[in-house]
Amino acid sequence: MGKPNPNQSRLIAYELVSQVNRDGAYANIRLPELLAKSKLDKADKAFTTELAYGTLRMQGRHDYIATKFVDRKFSEVDPKIQDLLRIGIHQLTQMRVADHAAVSETVEVAKLVAGESKASYVNAVLRKVAVSNNDLVELAQLPNLQRLSISYSHPEWVISSFYDQLKDWEEVEKLLAANNLPATPDIVAWPGKSSITELIELGATQISGFPNAVNIDGIPSEFDPIIQRRAGVQDRGSQIVVENFLTTAAGSQSWLDMCAGPGGKAAYLFHSLSQSEPTANFLANEPVPHRAELVKRVVNNQQVVSFDATDPSNFSSTFDRILVDAPCTGLGALRRRPEARWRKSLNDLKELVNLQRNLLNSAYKLLKPNGVIAYVTCSPHIAETKGQVLDFLARHKDMSVLPLNTLPIAHKQGLLADGTMQLWTHQDQSDGMFMVLFKKVG
């Protein structure tokens, strides 16, 4: 065999998949760094992104296919070989790449990163995959949960949590399919800093029904208004949350964003209030110092603090409006974060539910009479949404749900009969945001 000559696109895709799976890297942070250091053109960068993100999303399905052709449990296969097979299988089964290229190019990467003998093994397995029928018809015999878990590459506990809310396997299947489709970035024009008109002139497309939202078919970090910090990358679901909460604004109130990092909702709230309610006071809190620095980039420094928000005594005043955009499993944003589905577990859920409860209790103590708390998660899991609502109301008898449908909100998406909101990716083309408003009586 000659000297390894891997294609740069596939080598970078392998590096990303390996760093995400082995070192805990975040794909959306690491990939732009890897691409920036490369000499790839725009088309090759797009190919790398599709291959790397797609592999991470679909690796549950790829592992199932690989298991048919490896000589031991897939979990016992060398980690480098695992990731190489995943990349090869993704090209063979999910992309318009010729079989011979998918195999030979992956083997070239394998020679460089894993050595000749492991490359030979990767070659042998991928050749078997290439000549087999990978339509997985045998899955039809399995119960819905297992079938969908393998077909759509989602952990079973995640699918169960979707079914608990949607109560319909066809709807669940549509959601899983939507989670596997790459999404182009939504951008918000921050009031007073940029406008829809300007963003459209720069090539963006307005999102119908939204006052400040556009979509771009490109890399946000190369979009001038974002470079200049006059607009932000923000999923339309998060924009709905901010715009719905802003309908409760009335003059010179005090606002707190309790868990503000990395700053998307804080920036939109801050700039909106600066324009529409200039006498309002706004404070953003982010407990993690490096994330607080990110918030400072998009909100005035003197309006950003870094406290443990579960302890209300850290704050020197009370507030009329508090946003608790709580840390959560992120099950509503799986299409935008390709590895997220594999990162969280039921143990994480227990810890997060406890943290959410503590944040809500702290917000209650910091809330003025007649004040309003917006509790928000990017998750539809019952324990992080309806469960928290019932728990909070049971412990705080002077709080009640302020039904979103009684407010002059512009967005009717996801409104439920109990006055809360649950967005779904397959229905609303947004992240799966949950929102409820609590009002303090008297």
Inset, instruction - Taking the six-membered ring for Trp and the full ring for Phe, Tyr or His, determine whether the centres of W169 and Y163 are under 6.0 Å apart. - result: yes

Inset, instruction - Tell me whether the centres of the aromatic rings in F392 and F438 are closer together than 6.0 Å. - result: yes

Side chains of [X] and [Y], donor plus acceptor under 3.5 Å:
{"X": "N134", "Y": "Y64", "answer": "no"}
{"X": "N21", "Y": "Q59", "answer": "yes"}
{"X": "N180", "Y": "R61", "answer": "no"}
{"X": "Q234", "Y": "Q239", "answer": "no"}
{"X": "E384", "Y": "T329", "answer": "yes"}
{"X": "Q82", "Y": "R22", "answer": "yes"}
{"X": "R10", "Y": "Q91", "answer": "yes"}
{"X": "H396", "Y": "N361", "answer": "yes"}
{"X": "N215", "Y": "T184", "answer": "yes"}
{"X": "D325", "Y": "Y375", "answer": "no"}
{"X": "S345", "Y": "D348", "answer": "yes"}

Legend entry - The single option from R57, H90, Q94 passing side chain to side chain donor-acceptor pair (under 3.5 Å) against H62: H90

Legend entry - K174, H154, R335 screened by side chain to side chain donor-acceptor pair (under 3.5 Å) with N179, the one that passes: H154

Inset, instruction - Would you please classify the geometry between the F270 ring and the F282 ring as parallel, tilted or perpendicular, with 30° and 60° separating the classes? - result: tilted

Inset, instruction - Please say whether the positively charged group of R230, taken as NZ for Lys or CZ for Arg, lies over the ring of F223, i.e. under 6.0 angstrom from the six-membered ring centre and within 45 degrees of the axis. - result: no

Inset, instruction - State whether Y26 and R343 meet the cation-pi test: NZ (Lys) or CZ (Arg) under 6.0 Å from the six-membered ring centroid, and within 45° of the perpendicular axis. - result: yes

Where is the tightest heavy-atom contact between [X] and [Y], given as atom of each residue plus distance?
{"X": "A231", "Y": "A189", "result": "CB-CA, 4.3 Å"}
{"X": "R236", "Y": "F210", "result": "O-CE2, 3.6 Å"}
{"X": "A292", "Y": "E286", "result": "N-CG, 3.4 Å"}
{"X": "K365", "Y": "P312", "result": "CD-CG, 3.8 Å"}

Legend entry - CZ on R86 to OG1 on T55, rounded to 0.5 Å: 9.5 Å

